[in-house]
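Heads up, the thing below is written out as structure tokens.
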Amino acid sequence: MTDTSIIERAAQAAARSTPEPLAKRVRSLSDRAVAWIFIAPTILLLLAINIFPLIWAIWLSFTNYRANRPNEVVKNVGLQNYQRILGDQDTWIAMQATAHFVFWTILLQTLIGFTLAYLIDRKFRGHAFWTTIILIPMMLSPAVVGNFWRFLYEPQIGLFTYVVSFFTGIAPTDILMLSDVKLAPWAIIIVDTWMWTPYVMLICLAGLRSIPDYIYEAAEVDRASNWRQFWSITLPMALPFIMLAVLFRGIENFKMFDMVNLLTGGGPGSTTEVASITLKREAFEKWRTGFSSAFAIILFVAVFGLANIYVKVLNRVKSR
């Protein structure tokens with residue numbers, strides 16, 4: 001065997017043992033592998049941020065832990081916290097206030113939002129300008145909206161009270177929107193409806209714009225009236241988008257906190273004390289961390305269960 005052949009074989013063996021260039025190896029990866037390389041860090045971060053606190057809260061819900069007494073011995077109390085919550089009358093009062101708030105805000109936002117979307121979809125002159133104006137409340141932060149409406153609700157100088165007084169004849173000083181037991185819940189409903197109706201309008205408008213024009217053209221050929229077109233074409237085809245808006249707003253309103261805390265703080269009495277306000281009081285005023293963790297888990301299970309049922313209904317509607 002010559003020296004040349006020995007050198008060639010050594011070079012070939014060295015080439016086989018040398019790792020492939022990084023760029024070549026990356027090109028050989030499948031699209032799924034490349035996608036996982038980019039997505040994996042985000043998934044791990046989300047798991048660390050969301051899953052760990054959830055597991056920690058579940059563990060705390062079975063204990064008597066109090067955050068203001070970290071040196072005390074933590075005892076396992078089993079299902080005692082859950083039993084106390086489900087048997088507490090104040091808890092059910094808070095849930096009733098939450099249900100009242102969620103029902104009326106969703107109803108008003110859906111009706112007004114869809115109506116505005118239907119009008120804007122007509123594409124009248126200046127519709128783009130008015131769409132932008134309508135979206136302004138949604139662009140503001142809840143802190144700004146809360147303080148702004150507190151000023152409007154003032155009995156002495158509030159513009160809202162003077163407008164109501166003009167149409168009803170009631171003295172402005174008698175219109176106590178934030179301190180009257182009957183009016184306080186509606187004061188919060190009005191503010192939330194004013195702020196988030198544009199959000200519902202956008203979703204409904206997307207549904208209306210997705211309806212093909214040829215369906216309306218065929219209906220006109222069949223001499224269908226505008227009312228018939230609305231009930232037979234517009235409403236059924238936009239219904240999945242309306243239901244989607246209801247789902248999003250229902251989840252958000254069920255955990256509403258900032259607006260209620262800014263306007264009434266849960267008062268007068270416990271009239272506007274929704275579940276999130278009760279949870280805050282238990283966790284950060286009474287410092288019953290284990291008890292409040294159990295309450296949070298109950299709220300999570302309730303929202304998750306209702307949302308899961310609603311999504312199944314939504315899928316059935318979409319598949320029709």
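Source: prediction; values computed, not measured.
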Does the side chain of Val74 reach to within under 4.5 Å of the side chain of Asn64, using non-hydrogen atoms?
yes

In terms of heavy-atom contacts, does CD of Glu285 have more than 12 from other residues, nucleotides or ligands at under 6.0 Å?
yes

Side chains of Gln109 and Asp192, heavy atoms from C-beta outward: is any pair under 4.5 Å?
yes

Can you get from Val303 to Phe103 by hopping between Ile, Leu, Val, Met, Phe, Trp and Tyr side chains that sit under 4.5 Å apart?
yes

Checking the side chain of Arg66 only, and the main-chain atoms of Lys286 only, is there a donor and an acceptor separated by less than 3.5 Å?
yes

Where does the angle between the aromatic ring planes of Tyr199 and Trp196 fall among parallel (under 30°), tilted (30 to 60°) and perpendicular (over 60°)?
perpendicular

With the 4.5 Å side-chain cut-off for hydrophobic clustering, are Leu262 and Phe160 part of the same group?
no

For the OG1 atom of Thr98 and the CD atom of Glu273, what is their distance to the nearest 0.5 Å?
9.5 Å

Rounded distance (nearest 0.5 Å) linking atom OG1 of Thr197 with atom CG of Leu116:
7.5 Å

Under 3.5 Å: donor-acceptor pair, side chain of Asn315, backbone of Val311
yes

May I ask whether Leu205 and Ile133 are part of the same hydrophobic cluster, defined by side-chain heavy atoms of I, L, V, M, F, W, Y residues being less than 4.5 angstrom apart, directly or through others?
no

Testing the basics here: between Leu178 and Tyr153, what is the closest heavy-atom pair and its distance to 0.1 Å?
CD2-CD1, 3.6 Å

Would you say the side-chain atoms of Ser165 pair up with the backbone N or O of Tyr162, donor to acceptor, closer than 3.5 Å?
no

Over all atoms of both residues, closest heavy-atom pair of Tyr310 and Met243:
OH-O, 2.8 Å

Checking Asn308 side chain against Phe304 main chain: does a donor-acceptor pair fall under 3.5 Å?
no

Arg228 atom CZ: more than 12 heavy-atom contacts under 6.0 Å
no

For the pair Asp222 (side chain) and Ala224 (backbone), establish whether a donor and an acceptor sit closer than 3.5 Å, ignoring hydrogens and angles.
no

Between Ser293 and Tyr65, does the side-chain contact (heavy atoms from CB on, under 4.5 Å) criterion hold? Intermediate values first, please.
CA-CA 10 Å; Ser293 297; Tyr65 179 74; over 6 Å; no

Has Thr63 got a side-chain atom pairing as donor or acceptor with Asn76's backbone, closer than 3.5 angstrom?
no

Lys/Arg N to Asp/Glu carboxylate O, Arg223 vs Glu220, below 4.0 Å
no

Can any side-chain N or O of Ser232 pair as donor or acceptor with the backbone N or O of Gln229 at less than 3.5 Å?
no

Is there side-chain contact between Met256 and Thr105, with heavy atoms separated by less than 4.5 Å?
no

Spacing of Leu279 atom CG and Phe284 atom CZ [to the nearest 0.5 Å]
7.5 Å

Does Asp213 have more than 12 heavy atoms from other residues, nucleotides or ligands lying within 6.0 Å of its CG?
no

Does a side-chain heavy-atom distance below 4.5 Å link Phe291 with Gln80?
no

A side-chain contact here means heavy atoms from C-beta on lying under 4.5 Å apart; do Arg32 and Trp36 qualify?
yes

How far does CZ of Phe101 sit from OG1 of Thr272, to the nearest 0.5 angstrom?
10.0 Å

Side chains of Val274 and Ile277, heavy atoms from C-beta outward: is any pair under 4.5 Å?
yes

Working to the nearest 0.5 angstrom, can you tell me the gap between Ile106 CD1 and Ile189 CD1?
11.0 Å

If you apply the rule side-chain contact (heavy atoms from CB on, under 4.5 Å), what do you find for Leu135 with Thr132, and how did you get there?
CA-CA 5 Å; Leu135 293 178; Thr132 305; 5.7 Å; no

If two hydrophobic side chains count as joined below 4.5 Å and joins carry through other members, does Val164 share a cluster with Phe167?
yes

When you measure from the side chain of Trp231 to the backbone of Pro236, do you find a donor-acceptor pair of N or O atoms at a distance under 3.5 Å?
no

Check whether any side-chain N or O of Thr91 sits under 3.5 Å from a backbone N or O of Leu86 as a donor-acceptor pair, and report yes or no.
no

When the ring centroid of Tyr82 is compared with that of Phe62, is the distance short of 6.0 Å?
yes

Apply side-chain contact (heavy atoms from CB on, under 4.5 Å) to residues Ile242 and Thr110 and explain how you reach the verdict.
CA-CA 7 Å; Ile242 297 173; Thr110 303; 3.6 Å; yes

Could you go step by step and tell me if Trp130 and Ile120 meet the side-chain contact (heavy atoms from CB on, under 4.5 Å) rule?
CA-CA 8 Å; Trp130 289 109; Ile120 291 175; 5.8 Å; no

Rounded to the nearest 0.5 Å, how far does CD1 of Ile112 lie from CE of Met201?
12.5 Å

Would a 4.5 Å heavy-atom cut-off, applied to side chains only, mark Pro137 and Val145 as touching?
no

Please answer: with hydrophobic residues joined when any side-chain heavy atoms are less than 4.5 Å apart, are Phe129 and Ile136 in the same cluster?
yes

When every non-hydrogen atom of Val317 is compared with those of Pro240, the smallest separation belongs to CG1-CG, 4.3 Å

Is there side-chain contact between Leu183 and Leu176, with heavy atoms separated by less than 4.5 Å?
no

Would you indicate whether Trp186, at its atom CH2, is surrounded by more than 12 heavy atoms from other residues, nucleotides or ligands within a distance under 6.0 Å?
yes

Check whether Ser292 reaches the backbone of Glu282 with its side chain - one donor and one acceptor, N or O, closer than 3.5 Å.
no

For Val191 and Leu263, the nearest pair of non-hydrogen atoms, with its separation, is CG2-CD1, 3.8 Å

Smallest heavy-atom separation, Leu299 atom then Phe254 atom, equals CD2-CE2, 4.0 Å

Which pair of heavy atoms, one from Leu208 and one from Ala238, lies closest together, and at what distance?
CD2-CB, 4.0 Å

Tell me whether the count of non-hydrogen atoms from other residues, nucleotides or ligands lying under 6.0 Å of CZ in Phe257 goes above 12.
yes

